[in-house]
Each structure stands twice: as C-alpha cells, then as structure tokens.
Amino acid sequence: MRTRKDFLAAAASAGALLAARPAAAATPAKAGRKSGEIARLFAQQMRAFDPRLSDAQVAAIAKGIDENLRLGKAINPHGTALKNSDEPATIFEVGS
Amino acid sequence: MSDERLAFLDATALGAMIAKRKISSVELTKLYLERLERYGAAYGAVVTIMHDRGLREAKAADRELAAGRSRGPLHGVPYGVKDLLAAVGAPTTWGAKPYRDQVFDFDGTVVRRLHDAGAVLVAKLAMVELAGGFGYNDADASFTGPGRTPWNREYWSGGSSSGPGAATAAGLVGFSIGSETNGSILVPSAFCGVSGLRPTYGRVSRHGAMALMWTSDKLGPICRSARDTELVLRTIAGHDPADKTSVSAPFPTVRGRRPKVGVIARATAKSQPAVAKNFEASLAVLREFCDLVPEVELPKHHPYGAVFGALINGECAAAFRGLIESGKSRELQSVDDRIGGYQLYVTLAVDYVDAMRRRAIIDADVKRAFEPYDAIVYPTLPTVAYPVGLPFDKAYPNFPGSVELGTPGNLAGLPALSVPNGLGEHHLPTGLAFMGRAWGEMQLTQIAKGYQSRTAFHKEHPTLI
C-alpha cells in the first residue's frame, strides 16, 4: 500500500464499516469498540505514508483518530440538535 | 542614554527619537542586530538575523529623513516577524525542519506595509513548528529549540509566536509581528511580559503567511506597550486584494464616557495565587477610569473545544496534506507532532461541516453576550510560564483555570489584548487580557493605555544572561 490510491481503497473499507454500524442497536460500549476498530484500521494505513512508524506510534495515532471519530457527538450534544436550516459559518459565495 | 535602556524603549519612543535625529536608524539597527546575535539563540528566539536587508532599509530610512521625508511614526524602527511570514532575503521555515530551506521571492503584505511605513526588518523570529497545528505538548517543538522566556530561561516563552514574544521582551527588536489561530499571540505575550494584540479576524491580510486554519488565522503585533500595538495595527490593517477575508473597517473608540468593562465570572477561581492577586490589583486600577460590571458569564452550553477541534483538524490536515502524505512528519521536532498529522488526517467531513454550523450559533451567542461591554477582562492565563522539559499538562495540574475565553473568542473572530500586570511564581510575568467587540481593537488599546498610564509593569524588563 504505497500510494494514495491504495490508501483511499483501504479507507473506503473503513468507511463502509463505519456506514454499516447499526446505530439503533449500538450501545455506547459497542459503539466505542467499533470506532476503536475503525481507528486502528485507519492508523495502520498511515504506514503507506511512513513505513517506519512504530507499533507504539500507530497505537497513538489510532487513539487520536478514535477521539476524532467521536467529535460528532461532542459537537452535537444531546438536546441541542442542529436544525436543517442552520447554515455553516462559512458558505460559498459567488464572486462579483 | 545607555544602549541597554535604548533597547527596551517602546517603538513609539524609538520612532520619536529617530524623527528628532537623536539617533539614526542605522545606529539603532546595529544595536538590535548585535543583541540578536548575542542573545537570540539563548532564548530560542531567532531563526534568521537579516543583516543585509536590515542595514539596507535603515540606510534608506536615514537618507529619507535627511532629505526631509518621513514615512510616519515607525520610520526607521527595527522589527522582527514570526517565521511564518514571507520576506525577501531570508528563508521562511514555518519553524519546521522539512521547510527550513523554503524561500519565497516576495514580501507578505504585512511586511510590505511595514516597509512602506519605513520600518526596518532585522529578523525572522522563531516559532513552534507549523504554529502548533500538529498538537505539540511541550516546549521542545521547533527546529531552533525550545522558546525561552527572557525572565527565566528555564521556562517556556509560550507559543506559537515564541520568538516574537521572547525577542520583544528581551529588547532584541523594536516590536514584532506574531500570529494567532487560538492563543498564539496572547500566550507568549503573557509568558514574556509584553503587550500583544490579536486583531479581529479579517482586520489584517494574511497574504504571505503560512496557513494553519484559514477560518481563524490572524496576524498581529507583539510590542512593549499597548500604544505600540495600536500604532502597529493601524499600519498593517486594511483590505488586501490578495486576501479576500481582509476588510478595511473603521476603528471605533469610546468617546464621552467611561469605558464599560465586564469582569468574567469566576475569573481566578482555579488560578495560581499570584495570578489572582495581580488580577484583583488590576481591577482596582481599572476602577479608577472604567465602569466595571462583575460576574459576566460566557454562554456556557456550547461545545467550544470540540467545535474548534473539528475545524482545526480538518483545515490543518488539508493545509499540510502534502507534508503528511510525504511521510516527512518524521522530521518534526516534537514527538507528538511526528504523529499528529496522521490523526488529523482522519476527520469526518460531516463533523467539519457541523462544526461550522455550530460555529455560526456560537458566534451569534458570544457576540450577543458581550455586546454591552467595551471589553471583557480576565487573567490571560491561570498560571505563569511552564517549565521547559515538562509536558504542558504536567506543569501546573492544580491550576487549570476556571475561565477559557480564548477558544470562544477565536471562534467568533473577536479581538483581544494582553498586557503585563505583575510578577508571579518564580518571578515570572502574569498577564491581564481584554477581549472586545468585532473591530473594537482601539477600545481595547484605549483601556490598556489607561491601565499602563497608571502602572509600570510594561516598563519592567528582565535582566538577560
């Protein structure tokens, strides 16, 4: 896996795993385990960029990615759901 | 006047001396070049000393003055820029080994505007590599070594504008330019005991500056007085076609009444005792000329940290995608930075967009909460500078602080100013911060100048070793 194309293929697999997560059935513990698995998979793919990453570094990367994958819940805490009409702070503008 | 005393004057005073021909720009430039050589490395403050360009610009400044032409109050005053800003005559390293040979053949807009104002560029100043975007957690995070506060070399100068903070505090430049995405002007200003101004997002062009987070990057002055920050900001501000976020906005001031200053609730509850003591003493000074309103609350229910985290993750990973994919993160100084890029690389697009949606709500709420006030005052940080050699989170675990206005303020693009307000633990400086309304920088400098006219902390300087 030496190219960005290879990496993206692997990432797509991880994405499929993420998409396949049955949200209704997931308990917090199971969801955590699942995101951890996804994070580990992503982290291992980083050796495509730096083959000399140690196992300890890959584990640390996985921990960071796992935290990233949980950002969605932190951004959208219970009871404060964004409305469909809530637009991003930065939106595309057609120039003059 | 002794060279030592001269070196620590503020830029306003230096410019006045040059204008009155009490000293030439060349003499002053030589003084600062010599001090940069002597002290710059010891404080991890300098990347490149610009002898040729500095002396060339100084000679030109003196020639113009001799011909009766002055470009204004900064004419002939030597300064330095954080090494994320392009300037002809030196590499622009972004503080990081993979970029140490990077050269641009143009001046960033801020450098060009300062040149047009007659200022003299003498140094590219050290910084935390990549402005800290990859998640460093200790002071040893630059290929030039740890930044060290001139007040005590065993302690960090703060980051990521470590060089501008240290060089200004040590009297190695007349003033400096730093940058802030989330704390990088205010933190070194507090740890080094100088006056630093984070402008409103969009006030100053970033053309020629390293991008870390396009929606939060700002360039601003780090100086030895609040009046200097005002002078430098007015010089570098304004629309630039090369940065479409930049605008030419007016500079409103407080007129015909006492400034209304909100004191953030529980400002010092978990601060070091000296920070709390200095803050209370500062409030007593402010009461002399401001109307203070106690217990002002930050809108509490927003996930400020998570929102900022998702935004900087996504933008930083995109900004440095080439570095990450090249595997050259391995060359970075900080062990955390060597892997941090790979962590950022996996950030969900949906989280980034949701963070931007949440940011719009935060922006409106924060501005609404603070709109009644000309400034909100708080301790810049709950502690003095961290020791070099310890992870940041192990430095002062008992003093986490009880208020964090940096992230909300940066998410909303609001200006803030930190000035020194005394010494604390280990004889290190503490900082007093003012955050204002969008485009309200001059209201902040007005209040800070009032504070500095009644105190002398900004005139104290460290003894260099």
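Below, chain A is the first sequence line, B the second, and so on; all start at residue 1.
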Quiz item: Which one, B/His302, B/Arg358, B/Lys328, leads in non-hydrogen pairs under 4.5 Å with chain A?
Solution: B/Arg358
Quiz item: Quick one: do A/Asp66 and A/Lys63 make a salt bridge, cutoff under 4.0 Å?
Solution: no
Quiz item: So which of B/His301, B/Arg330, B/Met356, B/Arg338 has the largest heavy-atom pair count under 4.5 angstrom toward chain A?
Solution: B/Arg330
Quiz prompt | Region of B/Thr215 that comes under 4.5 Å of a non-hydrogen atom in chain A | solution = side chain
Quiz prompt | salt_bridge(B/Asp243, B/Arg206) N-O dist < 4.0 Å | solution = yes
Self-check item: Side chain, backbone, both or neither of B/Asp363 within contact of chain A (heavy atoms, under 4.5 Å)
Solution: neither
Exercise. State, without any angle test, whether B/Lys218 and B/Ser216 hold a side-chain donor-acceptor pair at a distance under 3.5 Å.
Key: yes
Self-check item: Residue, of A/Pro88, A/Gly64, A/Ala62, that accumulates the most heavy atom pairs under 4.5 Å with chain B
Solution: A/Pro88
Self-check item: chain A contact via B/Leu344 - which portion, at a heavy-atom distance below 4.5 Å
Solution: backbone
Quiz prompt | Residues B/Glu441 and B/Thr200: side-chain donor-acceptor under 3.5 angstrom | solution = yes
Self-check item: Sub-6.0 Å ring centroid separation between B/Phe392 and B/Tyr136
Solution: yes
